[in-house]
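Quick caveat: nothing in here was measured; it's all calculated off a predicted structure. Atoms considered below: every heavy atom in the structure, side chains included; atoms not considered: hydrogens, waters and symmetry mates.
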Amino acid sequence: MKDLSDKRALDAQFSMERKDPKADFIPQAKVAWYSIPQLARTGIKVLLSSIFGEFTDRRELLALMAANEVHQHYEDYAKEEELWLDYVADAGDGFDACFTVARQMSRTQNSGREGEETQPGKILIMGGDQVYPTANIEEYENRLKGPYMYAFPKSRNEDRQLFAIPGNHDWYDGLNSFVKIFSPGGSLGDFTTPQSRSYFAIKLPHNVWVFGVDLQLQSYIDQGQLEYFEDVIENSLSATETNHIILCSAEPSWVYQLKKKTGKKLGHNLQYFEKEMMKNSEGKDLKFVLSLSGDLHHYSRYATEDNQHHKITAGGGGAFLHPTHNLPKEISWKDQKLSLKERYPSADKSKFLSWGNWKFAWHNKSFALFIGILYVLASWFFYVSVHIGDVALGQVKGLDVAKILLLSPFAAVMVFLVAFGTFYFADRDPINPKYKTNLVYSLAGLSHASVQVAALLATFLFLGARFHKSLSGPMPELTALFFIAMIFAAGALISSTIFGLYLTLSNRFLGMHDNEAFSALNLERYKNFLRIHLTRDKLTIYPYGIKEVFKHAYTDRRDKYMPEKEPECELIEPPIVIDLQ
């Protein structure tokens, strides 16, 4: 294997290979999830996808197109004596994290056994959400293809292939960009992209198969997809030996099934697929030994007591870290009981990291500034109402607040929006609910709303009591500007801090807001990927963790990469061995 550690050789090779200016890209910073413009754009995309997702489902069209192609129904690696595969999910975010993971996958790594190393995969499987925040060609080019071109410079080795299944972020444009990026004849770095659908089957050596299934925005498994896999099972699987199945999906349904509102549906879709495949394997021995998924941006592994069936979430390809401390210790899947064997980072580390949200305003400046503007608007309405009601600003009492709200519809609407918005924001469908009733989660939202409204009113009354005389004295305009500035600063800091503490406390003690609490932290640490080695008698899985990533690994000169220090890549746990005999 060619050594890619020499950055000068890497830069030279990359410059020679990339002569087409269209191959250029712009390195991106990590997505700021609490940026107000970003929230608005993503919200619109999610809304449109939810409304029109089923009407723009391209899977049936792709199935019809693929049926007319002279193309093998699946990719065949069965002639290999042994094979290395890599698995990564949730990759296309900021350049630093995405490139770090891709670069580590391009290198040999310690196997956990003295004197042995693992090899970069001949097959790379991407398990969903290949781009953030929403899918379009430009984002794929900048956030995925660019970093992978650097990590895997294109060579004359044309037998390395990449397969991908779409996650919810890939689906936000109806799979239009996904189809273009991963269509047959394309490439991503040193990998070719042979698949003609959004799902795939790969025949590996020794009667092992990889099935990649597309669940389409938590929706359903289309008939064309079921027929595709039924055909593979009926016509291509061995009728005399056990067929071991590695099942890839974009969501860890075995964890999401615990959700009260959506869990039953999420778990049902994948269980239905497994049930249908087993039903159509009459006369053939079909055994699901490994399930892989992303969507949760951490590493976790569940296994049966005999360690012959594993369910692994490995969504550490580049997106922000998700917590691990709220994961259930045990799950049931069909007629099986599985126990949590490992998680990365550890539960204690995950809990510690969650406290970082007391600095919410610092980590999410755009959101804090937006709250400051809301405070200024609300205070202006209050101020006008005070004068209409002939109440001295420095002498406003509890009953006077009610009078102000009655006199000013705008002030009342502002308070209502703050209260309703924070109450509605409460996560009433946590991944691992600690309480059977939603009342607890609604009370948490109500408490948060009450504190936010109280902080808003208290800020206005406190500062108003200190500025009311100055506002009617000399230079009132200058005093008013200073008063507004103080309201803005207090709102941005106080309300944001309350918001961050609510996220931390509700997450730590009620299991709420896994996504919201850790997207606010936006941590690029604790990335992961899987390396899988298949031999005649066993399947060995090497889960690799990367605690730190390259920081600002790019310069203004887009054709140059200047790494400072190679991040450490280490095994999260000892290699996991599945006996195939």
**OP:** Evaluate ring-ring contact (aromatic ring centres under 6.0 Å, His included) for Phe288 paired with His309, printing each intermediate quantity in order.
**Re:** CA-CA 7 Å; Phe288 288 92; His309 182 85; 7.7 Å; no

Surrounding [atom1] of [X] (heavy atoms of other residues, nucleotides or ligands, distance under 6.0 Å), is the total greater than 12?
X: Trp355; atom1: CH2; answer: yes
X: Lys334; atom1: NZ; answer: yes
X: Phe509; atom1: CZ; answer: yes
X: Glu138; atom1: CD; answer: no
X: Tyr542; atom1: OH; answer: yes
X: Lys275; atom1: NZ; answer: no

For this session: Decide yes or no on ring-ring contact (aromatic ring centres under 6.0 Å, His included) for His513 and Phe518, but give the supporting numbers first.
Result: CA-CA 8 Å; His513 294 297; Phe518 273 68; over 10 Å; no

Determine the interplanar angle of the [X] and [Y] rings, folded into 0 to 90°, and report it as parallel if under 30°, tilted if 30 to 60°, perpendicular if over 60°.
X: Tyr344; Y: Tyr526; answer: perpendicular
X: Tyr502; Y: His448; answer: parallel
X: Phe273; Y: Phe211; answer: perpendicular
X: Phe99; Y: Phe95; answer: parallel
X: Phe367; Y: Phe370; answer: tilted
X: Phe200; Y: Phe163; answer: tilted

Does Arg428 count as lying over the ring of Phe423, i.e. NZ or CZ under 6.0 Å from the six-ring centre, within 45 degrees of the axis?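 Satisfied, under 6.0 Å and within 45°.
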
Heavy-atom check, side chain of [X] versus side chain of [Y], under 4.5 Å:
X: Thr108; Y: Pro120; value: yes
X: Asp170; Y: Tyr140; value: yes
X: Leu226; Y: Tyr272; value: yes
X: Asn357; Y: Thr504; value: yes
X: Lys341; Y: Asn307; value: yes
X: Leu353; Y: Arg525; value: yes
X: Leu571; Y: Pro543; value: yes
X: Asp427; Y: Asn507; value: no

Inset, instruction - Give the C-alpha distance, both sets of side-chain angles, the deciding distance and a yes or no for side chain to side chain contact (heavy atoms under 4.5 Å, CB included) between Leu188 and Leu144. - result: CA-CA 9 Å; Leu188 196 149; Leu144 182 72; 3.6 Å; yes

Rounded at 0.5 Å granularity, tell me how far [atom1] in [X] sits from [atom2] in [Y].
X: Ser496; Y: Gln452; atom1: OG; atom2: CD; value: 8.0 Å
X: Ile331; Y: Leu340; atom1: CD1; atom2: CG; value: 8.5 Å
X: Leu439; Y: Leu443; atom1: CG; atom2: CG; value: 4.5 Å
X: Thr324; Y: Lys351; atom1: OG1; atom2: NZ; value: 9.0 Å
X: Ile498; Y: Leu503; atom1: CD1; atom2: CG; value: 12.0 Å
X: Tyr302; Y: Trp254; atom1: OH; atom2: CH2; value: 10.5 Å

Take Ile546 and Cys569 through the side chain to side chain contact (heavy atoms under 4.5 Å, CB included) test and state the conclusion after the steps. CA-CA 5 Å; Ile546 307 167; Cys569 183; 4.2 Å; yes

Side chains of [X] and [Y]: donor-acceptor distance under 3.5 Å anywhere?
X: Tyr299; Y: Glu573; result: yes
X: Tyr544; Y: Thr118; result: yes
X: His310; Y: Arg301; result: yes
X: Thr304; Y: Asp306; result: yes
X: Thr134; Y: Glu139; result: no
X: His363; Y: Tyr34; result: no
X: Tyr132; Y: Asp90; result: yes

Search all heavy atoms of [X] against all heavy atoms of [Y] and return the closest pair with its distance.
X: Leu296; Y: Pro252; value: CD1-CG, 3.8 Å
X: Val213; Y: Ser249; value: CG1-CB, 3.7 Å
X: Asn136; Y: Ser177; value: CA-OG, 3.2 Å
X: Gly316; Y: Lys527; value: O-CB, 3.2 Å
X: Ser339; Y: Glu330; value: OG-OE2, 3.8 Å
X: Ala520; Y: Phe360; value: CB-CE1, 3.6 Å

Hey, is the main chain of [Y] close enough, under 3.5 Å, to the side chain of [X] for a donor-acceptor pair?
X: Ser519; Y: Glu516; result: yes
X: Asp295; Y: Gly167; result: no
X: Asp129; Y: Asn168; result: yes
X: Lys30; Y: Asn522; result: yes
X: Gln130; Y: Ile165; result: yes
X: Ser366; Y: Ile36; result: yes
X: Gln257; Y: Ser332; result: yes
X: Glu251; Y: Ser253; result: no
X: Arg143; Y: Pro27; result: no
X: Glu568; Y: Lys547; result: no

Decide yes or no on side chain to side chain contact (heavy atoms under 4.5 Å, CB included) for Ile125 and Ile532, but give the supporting numbers first. CA-CA 11 Å; Ile125 297 173; Ile532 301 172; over 6 Å; no

| query | Under the salt bridge (charged side-chain N to carboxylate O under 4.0 Å, His left out) criterion, do Lys538 and Asp579 qualify, and how do the steps go? | reply | CA-CA 5 Å; Lys538 62 184 177 181; Asp579 186 7; over 6 Å; no

